[in-house]
Amino acid sequence: MSTPPPTRTDRLRAWMLEGLSDMGKGRPGTAPPPPGGPAPSEPSGAKEGTTSAEGATEGAAEGAGAASGTGHQGQPWWRVMCLTGVDYFSTLGYQPGIAALAAGLLSPIATVVLVVVTLVGALPVYRRVAEESPHGEGSIAMLERLLSFWKGKLFVLTLLGFAATDFLITITLSAADASTHLVENPHLSAALHDKQMVITLVLIALLGAVFMKGFLEAIGVAVALVGVYLALNLVVVTTGMWHVLTERHVVTDWTTALTAQHSNVFAMVGVALLVFPKLALGLSGFETGVAVMPHVKGDPDDTEARPTGRIRGAKKLLTTAALIMSVFLICTSFVTTVLIPHQEFEAGGQANGRALAYLAHEYLGNTFGTVYDVSTIAILWFAGASAMAGLLNLMPRYLPRYGMAPHWARAVRPMVLVFTLVAILVTWIFDANVDAQGGAYATGVLVLICSAAIAVTIAARKAGQRRWTIGFGAISAVFLYTTVVNVIERPDGVKIGACFIAGIILISLASRLARAFELRVTDMDLDPMAERFVRDVSHRTARFIANKPGRRDAAEYREKTEQIRADNDIPEHEGLVFVEVTVTDPSEFEASLTVRGEVLHGRYRVLTVESASIPNALAALLLHVRDATGIRPHIYFEWTEGSPFANFLRFFLFGQGEVAPVTREVLREAEPDRSRRPRVHVG
C-alpha cells in the first residue's frame, strides 16, 4: 500500500515545525536549535536578559544562539565586545536626542551623572555577574538559583516578562529610529516624509522574514558594523567639537541660558539627578556582555568549573565597552546640546531621534550624512535582529524546563511569527515614535539591571564579603530608585511589561496544565540494591506497592502488605516491593531520578525515590523495570480520600494528590500500546 504524497498543508506544517524537539520523548530538556542552525559562528549581541539555550554545555550567547563554548576555540575579547556593541553602541543613534528632550540644556550634566552610575554602579555589578555566571546564564539564572518552589518560578517569569519588553521594544524602537533616519534624509525626505509607520512595519516584517528563512550571523559582521559606526561617530563628534571651539559663542549662549534657568551648580546637579532616570537607555548592554561570555577565548588551562581566562576577558570586554560608550555619551550630548536648536529635538524636528545624523548632514554634507544614515540604519537593524535572536534563545532557556512552553514553542519559526506580530502591534500602539518607546525600553533595561544588582548583593552576602555587600546594596538602592521613578514618570514600560508578564504566566500555566500527564523524567539511575530488587522480580511477576512513608516501622509495612493482598487477592507466596516517593520541589517539571533500595526490618524490600511528582516517578520506574526485565510490572494503590478536583490541584501544584489515576494516565500517554503498558491496580 503506497503512502499518499504529503499535501501542501503537511509540507507547510513540517517546514514551520522544523527543528522541533519533543521534550519528554527522546532527549528531554533539549532546546530548539538556534536560528539558522547550530553553526559556531552565528552569535550576535542582543539586549539584556538573554542567556544560553537550554541543553548547550556552555550556553549560547545572546543573538543568533551560537553553539556551546566547548564547540569552538572562542574569539579574542575585543571581537566579542562587538556583539555587545551592536546594541550598546547603536543607542547613540537616538540617545542624544532623548537626553536633550528629557534634560534640555542640562543634557550634558545629566549624561555625566549617567556615566558615573555606569562606571561606579553597573560596571562593578556586571563584573561580579561575570564571575558568578561565567557560562552566559546571566543575572536571571543567578536569582533562579537562590529561589525555589513556585515563588522562584513566578519570579523568573516576571523577569522574563520585563526581558521580553526589553527585547521587543529593542526591535520596534530600532526599526522606528532606522525609519526616522530614512525619512529625514535630505535625498529621501520628499518622497518618504509621511511613510515612517509603513517603513517601520516593513523593516520589522523583513526582520521576521529573514528569521523565517534562517538567520546566520557572524562575529565578523558585528565587528565591521561596530567599527564603521564608531569611526563615523568619531568623525561627527570631532567635527562638532571643532565647531564648538571655533564658534565659542555657542558655549557662551549655552552657559548663559543654563544659569538663567538654574541659579547655581548644586541646583543643576540636583535637577540632573532628578531627570537621570529618563536617560537610562544609556545603561543598556551590560547583561549582553555577560551573555556572550561563552564566545570569549580563555586560557589553555581553563576548566568548565572555573574558566579564569574567559572571566578575565569578559571583564575587559565589559570595562572597555563601558569606557568607550561613556566617552561617546558625554561628547555627543555636549555637541548636540550646544550646536542644535532645542526645537529641532521636538517631534517633527529634523534632529528628533537622529541628533548626530543632523550634525553629520549639517557640517559634513549630505553625502557623508547619507553614509552615516546607512551605517546607523544597518546597525539599528542588526540590533533588532540580535534582539529577535535573543528572544528565540531566552524563552527556551527557561520555559521548556518549567514545562511552561506549548509544544510548538520549541520550534523557531512559529515563535518568530508570534514575536513579529507582537512587534507590529507594539509599533502600531506607539505610532512608530522613538520618544514614546523610550520609557518602555528603559523600564526593561532598569528592571534587569536591578535584578543583577540584587543578585550580586545576595552573592556577596553569602560569601561573607561585608564591604562588597554594603557597596552592592547601595548600588541596588540607586537602581531601584531609578526604576521606580522611571515607572512613575513613564508608566508605559511597566504597563507593557505587565502585559507580557500576564501573557507569559497565563500561557505558561495553560501549557503546564496541558502537559500535566507527560512523562518528564530525563534519566533514571538505580543503586546496586535497587538493581538487585529489579533482577529478583524479573524471574516472577513484578509487583510493587505505592506507599506513602509514615513511621516506617514494621507495623506500617506489615499492615500495608496485608491490606494490599486482601484488596487484590494476591497469594502469600508472591513477593512485593514497596516504592516510596518523597516530593522535593513540585514546581520543577523534569529531572533525573536516583532510586535507592533497602531492606527494612529484615524482610521488607523498599525502593525510595526523590522527585517533583509522585505519579511521574512511579510511571518512570515501572517503564524502566519493564524495559530492563522484559516483563510487565504491576503496581498497587489505595484510593485517595477527598474531592477528585482538589486532589488534581494538589497534584498540579504540589506533585501529589490522586496518585493512582494520574499514574495510569502518565503511563497511557507514555506507552500507547496497551499490551506493553504496566498494569495499575487500585483497591
Side-chain angles (χ1 to χ4, degrees), residues 1 3-4 20-28 403 406-407 511-524 526 530-531 533-548 563-571 573-581 589-593 595 607 609 611-640 644-645 647-648 650-652 655-683:
M1 182 177 179
T3 303
L20 179 66
S21 61
D22 193 2
M23 291 178 61
K25 301 173 183 177
R27 288 187 60 214
H407 184 72
S511 172
R512 176 118 178 187
L513 185 63
R515 299 176 61 192
F517 303 118
E518 181 180 305
L519 184 66
R520 54 208 199 211
V521 174
T522 59
D523 185 40
M524 180 168 292
L526 279 68
E531 290 278 10
F533 292 169
V534 171
R535 286 195 304 271
D536 288 346
V537 300
S538 66
H539 303 298
R540 59 181 70 88
T541 303
R543 302 183 188 274
F544 297 93
I545 298 176
N547 183 52
K548 181 179 181 180
Q563 178 186 342
I564 292 297
R565 289 190 187 279
D567 289 345
N568 298 277
D569 198 22
I570 301 175
H573 66 272
E574 291 282 355
L576 299 170
V577 178
F578 288 87
V579 183
E580 298 177 346
V581 181
F589 188 73
E590 60 183 17
S592 61
L593 299 184
V595 184
L607 297 175
V609 189
S611 173
S613 168
I614 295 175
N616 260 276
L618 294 174
L621 176 62
L622 293 172
L623 291 171
H624 176 83
V625 171
R626 181 204 64 183
D627 295 338
T629 64
I631 62 175
R632 293 172 64 190
H634 297 244
I635 189 166
Y636 299 89
F637 296 90
E638 294 180 52
W639 284 114
T640 304
F645 180 73
N647 282 329
F648 173 75
R650 288 179 61 213
F651 159 69
F652 181 71
Q656 48 192 319
E658 192 67 270
V659 176
V662 174
T663 302
R664 192 264 179 189
E665 185 62 21
V666 173
L667 288 169
R668 190 183 68 84
E669 285 205 5
E671 178 51 79
D673 187 352
R674 295 185 63 176
S675 65
R676 301 189 69 244
R677 192 182 302 156
R679 293 169 177 170
V680 176
H681 306 266
V682 189

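Taking 4.5 Å as the limit, some side-chain heavy atom of L576 sits within range of a side-chain heavy atom of R565. By the 4.5 Å heavy-atom criterion applied to side chains, I631 and T541 are not counted as neighbours. Within the 4.5 Å cutoff, the side chain of Y636 has heavy atoms near those of the I570 side chain. In this structure, H624 and L526 have side chains that are in contact, with non-hydrogen atoms separated by less than 4.5 Å.
Judged purely by atom type and a 3.5 angstrom limit, R676 has no side-chain atom pairing as donor or acceptor with the backbone of P672. Using a distance-only test at 3.5 Å, with no hydrogens or angles considered, no donor-acceptor pair links the side chain of R626 to the main chain of R677. The closest donor-acceptor contact from the side chain of R543 to the backbone of I635 lies at 3.5 Å or more, if one exists at all.
Residues F533 and V577 share a closest heavy-atom pair of CD1-CG1, 4.5 Å. Contact record, N547 with F578: CB-CD2, 3.8 Å, taken as the closest heavy-atom pair. Among all heavy-atom pairs drawn from A619 and T663, the shortest one is N-CG2, 4.1 Å. Closest approach of A546 to L618, counting heavy atoms only: CB-CD1, 4.1 Å.
Distance check, rounded to the nearest 0.5 Å: CD of E580 to CD1 of I545 gives 10.5 Å. Here the CG-CZ distance, from D673 to R668, works out to 13.5 Å after rounding to the nearest 0.5 Å. The CG atom of D567 sits 12.5 Å away from the NE2 atom of H681 when rounded to the nearest 0.5 Å. Between the CZ atom of R679 and the CZ atom of R664 there is a distance of 13.0 Å, given to the nearest 0.5 Å. Rounding to the nearest 0.5 angstrom, the gap separating the NE2 atom in H634 from the CG atom in L622 is 10.5 Å. Here T629 contributes atom OG1 and H539 contributes atom NE2; the two are 10.0 Å apart, rounded to the nearest 0.5 Å.
Other residues, nucleotides and ligands contribute only 12 or fewer heavy atoms inside 6.0 Å of the CG atom of D569.
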